[in-house]
Amino acid sequence: TNYSILFYLFKIILIIWCASPTLLSQAQPQQTPSSSKCNGVFLSYAYTGGRPIPPAVVDQIIDQPYRFESTLTLLNNGLDELKSWKVFLGFQHREVLVSASDSVIISQASSSSVLFPAQVGNGVVLGGSVLKDLKSAVDTAGDGKQTGVVIQLVGTQFGVGTPDVPMPLNISLANHGYFCPTPTTQGNNEMHLCCTRDPIKEKDTNFEEEIQTNGEKGDVVITYDVIGSYDTNYLAQVTISNHNPLSRLENWKLSWEWTKGEFIYSMKGAYPILIDSRDCIFGPQGQYYKDMDFSTVLSCNRRPTIIDLPPTRANDSTLGMIPFCCRNGTILSPLMDSTKSISAFQMQVYKMPPDLNRTQLNPPQNWKINGTWGPEFQCGSPIKVSPTRFPEPSGLPTESTSIATWQVVCSIKKIKEVNPKCCVSFSAFSNDSVVPCRTCACGCNRNPTKTCNPTEPSLLLRPKTLLLPSENRTEEALEWAKIKGLDVPELLPCVDNCGININWHLDSDFKGGWTARMTLLNWDETEHVDWFAAVELGESGPGFEKAYSFNATFVPGSNDNIIFMKALKGLNYLHGADNGDNQKKGLKVAGKQQSVIMFSKKKTPDLDLGGVHGFPTRVLFNGEECVLPTTFPTNDNQRKGMVVKKSIFFSLVFVMAYLLL
């Protein structure tokens with residue numbers, strides 16, 4: 001019928017429309033006189049055009065932005081396959097890379113961003129996104145589509161206008177085991193070189209094996225394994241691994257971006273935060289999969305957000321039964337429990353034309369992960385690595401491998417958090433005043449100046465006042481200031497507003513060592529399960545011997561100056577605040593845990609505990625960095641004098657008693 005003909009015509013047009021961007025971008029590299037002389041990996045970079053773009057700069061020509069377009073060509077003329085190709089481009093004109101066809105940014109020298117647009121003025125490393133491995137001409141009968149790749153680059157550069165050409169300072173193959181000479185220039189708009197195997201670097205097989213097997217290293221590594229593949233869909237397992245001993249994630253949320261029209265049909269071990277199939281029904285997916293019941297499809301969002309399932313679903317035959325799933329989004333530090341530092345789930349993904357082939361597999365891009373507690377992460381692009389090996393489910397002493405594997409490396413953002421969640425107070429045996437948490441350590445109200453001063457330093461306190469909620473310490477603070485003769489400002493300082501308060505107290509100092517006492521106070525109503533804390537002590541750290549009421553150890557690779565602490569078995573709950581015995585007074589009682597920590601002076605004989613030694617330079621709680629005081633409770637001379645006088649008095653009494661006897 002006419003409708004059938006129209007339907008098939010529409011289907012053909014749809015397939016051609018979906019295929020056209022891929023076909024256009026996968027240009028076949030051609031052999032040139034220069035490349036035909038290369039018996040290794042041939043690289044060329046050609047500037048193809050550019051123009052000034054707004055804003056127009058008159059005074060400072062160096063700040064005038066220009067659009068640039070370039071072509072990067074790789075051609076493997078060697079005998080060996082080039083696995084996971086990587087190319088370094090030594091940009092030098094404050095370039096902003098806007099797009100790079102069929103490639104992803106692996107690392108950069110000038111910016112932590114790994115997404116487009118990216119600041120690459122000090123250089124960038126690109127890797128393949130569609131064609132990751134370049135086969136040899138011998139194995140493909142010289143098929144350029146399999147032995148080479150052409151990358152179209154578009155970006156912005158500053159200060160280099162016609163007739164000058166904004167060429168990079170250098171280009172090079174970044175794969176291990178290759179030697180690349182200085183590029184040869186051709187005219188003013190092209191450079192090329194031939195990289196060959198380096199026999200010396202080839203001997204370093206351990207390095208090559210580590211990169212191919214484990215990929216890159218980071219704070220959190222997300223592994224995307226395809227474990228089943230069919231023409232129209234595939235089964236993927238996503239594994240989130242925490243490699244940082246000082247971080248954790250609570251209630252993790254994971255998101256990515258589909259770039260080929262894919263959608264999630266079903267999942268086990270996790271779930272989309274929003275179940276929505278409308279984009280499929282009214283989009284090309286609905287036109288292609290006409291017989292599919294989209295009411296059972298989980299997510300057609302181009303950027304879905306995935307959350308973990310609760311523990312009650314772990315043994316659910318429909319939603320659970322995936323190892324390392326269903327923990328309410330909690331991923332612990334590997335020092336806490338290596339079996340709980342991993343989270344995993346599986347999903348069935350449907351594909352769209354022209355990728356309807358079981359060998360055509362593309363991982364999602366632009367990954368992001370965060371949680372309600374813990375640091376913020378920035379994730380790179382997926383990098384293809386060696387297939388993951390899984391133990392055989394039947395129990396046989398053998399392994400199975402994934403069909404294809406990619407890794408996404410996420411690193412902690414090196415930025416200061418606007419509103420931290422914890423703060424630290426300092427106290428010492430040699431001073432009867434406590435240096436409390438800093439004013440507004442965890443943020444202040446929008447307009448605090450009417451009720452308190454956000455810039456005024458906190459008032460010194462007597463030790464027992466730390467057990468009161470910060471908003472109920474005013475009377476005690478004023479009384480202590482009067483006793484000690486301290487100045488009090490007209491507008492009192494604001495409170496710290498932190499849910500977690502940590503007190504570090506220098507407890508004693510003796511000839512062979514010293515002790516500290518660490519107290520955790522939870523003023524939040526929410527309890528912290530499987531909590532951990534870490535303190536960095538600098539010069540004082542190597543003397544650590546043991547903690548009496550915590551499990552404590554040095555963090556590996558910290559040069560013995562970072563101590564990792566967690567609760568003893570059965571005490572892993574840091575309870576939230578409640579009314580306790582103060583119900584009549586209406587005061588909260590903080591959840592509390594504390595321990596005395598023993599240090600020796602064998603490795604630190606010159607340690608002076610009268611100043612800043614013995615106090616941590618960095619404190620973390622559950623991966624969050626806590627705000628430290630800016631002053632220290634130094635020796636109280638009056639109190640020290642009293643100790644000396646008492647010692648002399650008792651010595652005289654002892655001598656008189658000896659003479660009388």
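Between the side chain of Asn522 and the main chain of Thr526, a donor-acceptor pair closer than 3.5 Å is present. Within the 3.5 Å criterion, the main-chain N or O of Asn328 finds a donor-acceptor partner in the side chain of Asn251.
Side-chain contact between Trp252 and Asn370 is absent, with no heavy atoms from C-beta onward closer than 4.5 Å. At a threshold of 4.5 Å between non-hydrogen side-chain atoms, the residues Ile369 and Lys253 do not count as touching. Here the side chains of Ile563 and Leu537 are in contact, with some heavy-atom distance below 4.5 Å.
Side chain to side chain, Ser540 and His613 fail the donor-acceptor criterion of an N or O pair below 3.5 Å. The closest side-chain donor-acceptor pair between Ser402 and Thr405 falls under 3.5 angstrom. With no hydrogens or angles considered, a side-chain donor-acceptor pair links Ser508 and Thr515 at under 3.5 Å. For the residue pair Ser247/Asn242, the side-chain donor-acceptor check at 3.5 Å is satisfied.
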**Report entry** Residues Lys464, Glu476; criterion side chain to side chain contact (heavy atoms under 4.5 Å, CB included); working and verdict
**Finding:** CA-CA 10 Å; Lys464 69 175 185 178; Glu476 288 278 342; 4.0 Å; yes
Query - disulfide bond (SG atoms under 2.5 Å apart) between Cys410 and Cys379, worked out - result: CA-CA 4 Å; Cys410 303; Cys379 300; 2.1 Å; yes
**Report entry** Thr330/Glu250 under side-chain hydrogen bond (donor to acceptor under 3.5 Å, both in side chains): CA gap, chis, key distance, verdict
**Finding:** CA-CA 5 Å; Thr330 297; Glu250 292 287 351; 2.9 Å; yes
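The six-membered or imidazole ring of Phe564 lies near that of Phe532, with a centre-to-centre distance under 6.0 Å. Here the two rings, on Phe599 and Trp514, have centers that are under 6.0 Å apart.
Distance check for Cys498 and Cys423: the SG atoms are not under the 2.5 Å cut-off. Under the 2.5 Å cut-off for SG-SG separation, Cys422 and Cys626 qualify: their sulfur atoms lie closer than that.
A salt bridge links Asp509 and Lys601; the closest N-O separation between the charged side-chain nitrogens and carboxylate oxygens is under 4.0 Å. Note on Asp432 versus Lys484: salt bridge recorded, some NZ/NE/NH1/NH2 to OD/OE distance being below 4.0 Å.
For the pair Lys566 and Trp531, the cation does not sit on the ring face, since its NZ or CZ is not both under 6.0 Å from the ring centre and inside 45° of the axis.
Using bins of under 30°, 30° to 60° and over 60° for the plane-to-plane angle, the ring pair Trp367/Trp256 lands in the tilted bin. Note: His528 and Phe621 have perpendicular aromatic rings, judged against thresholds of 30 and 60 degrees for the angle between ring planes.
In this structure, Leu460 and Pro436 approach most closely via the heavy-atom pair CA-CD, 4.3 Å.
Expressed to the nearest 0.5 Å, how far CD1 of Ile342 lies from CG of Leu332 amounts to 11.0 Å.
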